[in-house]
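Scroll down for the structure; my scribbles are underneath it.
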Amino acid sequence: MVGKIHVLDELTVEPGRLDEVRRLMTEGYMAGAKARGMTLEQTWLTPPIELFDHPNTLVYLWSVPDAAAWWAMRGAAGRDLSVADFWAEVDALCVERQRRFLVDDQIGGEGQ
Amino acid sequence: MSRRLALVTLYSGADTSRVAELESAAVLGKHLPGTVGGGHYTWDGIDDPVPPGFEDVADVDLVELSLIDGSLADPGFAGEIKRTLLLRVEPDAPADSVSAFERDLMAMPDHIPAIVNWTLSRVIGPSGTRWTHSWEQEYYTLDGLKVDYMMSPHHWGLIDGWFDPEMPRQIVDLNLAHVYHPTDRSVLAAALV
């Protein structure tokens, strides 16, 4: 049985556009994500200083409690047409974007 | 060789006696709660899509299907669930993405043993239909669909990326017909022999 699911967003941002993407995520996404059941666990920047001649990557790690909560998140995003519009706005500022889903690895068969 | 399938939606306020006639006149699968976007019945294997009087009580969304691939693991399947997903791949989707999407769907039965019989088909008609693909499965139990299929990490962790508006690789339109109904026979056996 799958327990907690992590959602990893990696936004590789055009040089000079980091603050715009940060602002978009803060003002245009986080409240809706919380309403859809997502908990923001951590954010990262890599490389760890803004480069103005090369892209930086912003990483957002979210979680939902289980697969049922994942479908609730997914269903809510599907019903809200503004979500796709939001990501289109972000994508216009990015070189590349990925979203991946992660679960605990069952190392030695003793995972959750 | 192609076959046809229709999603049937009753008009609001349809005459109940006419609806009873409709239900007795055709092999209709009555959709169960949880069905999304596909009306009230699935009508499989139809030859004449609209019997006389049918149009008074119902709208018929007919599709003609051309089989891509499928598997008949149990030719004697005697129930209990037939599920149909009609979907539309966006017309500007790259051809290699469409091929990868089709391969991913057809790999699902390898990861989800609850899928008994299955087909993936292209929608080839009628002209003007909004659908491009039909993904159909048969299950021994409703839990096979609602738990084994829906809650499989292979489903939500991999396949759904083609459908998810938050994923860069989404190519499937959000408006789907996800319908399922009880059955006491294999509809897909006829498509696969």
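Below, chain A is the first sequence line, B the second, and so on; all start at residue 1.
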B:Pro168 versus chain A, the contacting section by heavy-atom distance below 4.5 Å: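 Both parts, backbone and side chain.
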
Using non-hydrogen atoms and a 4.5 Å limit, figure out which bit of [X] sits close to chain B: side chain, backbone, both or neither.
X: A:Leu102; value: neither
X: A:Ala88; value: neither
X: A:Arg74; value: side chain

Decide whether [X] and [Y] are clustered together by the hydrophobic rule: side chain heavy atoms of Ile, Leu, Val, Met, Phe, Trp, Tyr closer than 4.5 Å, transitively.
X: B:Val147; Y: B:Ile81; value: no
X: B:Tyr139; Y: B:Leu142; value: yes
X: B:Leu105; Y: B:Val116; value: no
X: B:Ile171; Y: B:Met106; value: yes
X: A:Leu8; Y: A:Trp62; value: no

Taking the side chain as C-beta and beyond, is there a heavy-atom pair between A:Phe86 and B:Glu166 under 4.5 Å?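 The answer is no, as the side chains (C-beta and beyond) never meet within the 4.5 Å cut-off.
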
A side-chain contact here means heavy atoms from C-beta on lying under 4.5 Å apart; do B:Pro165 and A:Arg79 qualify?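 Side-chain contact under 4.5 Å: no.
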
Can you tell me how the ring of B:Trp156 sits relative to the ring of A:Trp70, calling it parallel under 30°, perpendicular over 60° and tilted otherwise?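 Tilted: the ring planes of B:Trp156 and A:Trp70 meet at 30° to 60°.
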
Quick one: which of B:Arg169, B:Gln170, B:His155 has the most heavy-atom pairs under 4.5 Å with chain A, could you say?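 The candidate making the most pairs under 4.5 Å is B:His155.
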
Top residue by heavy-atom pair count (under 4.5 Å) with chain A, among B:Asp160, B:Leu174, B:Leu158?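 Among the listed options, the one with the most contacts to chain A is B:Asp160.
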
Between CE on residue A:Met73 and CG on residue B:Asp164, distance to nearest 0.5 Å: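 That separation rounds to 6.5 Å.
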
Taking all atoms of both residues into account, what is the closest heavy-atom pair of A:Trp71 and B:Met150, and its distance?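 Shortest heavy-atom contact: NE1-O, 2.7 Å.
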
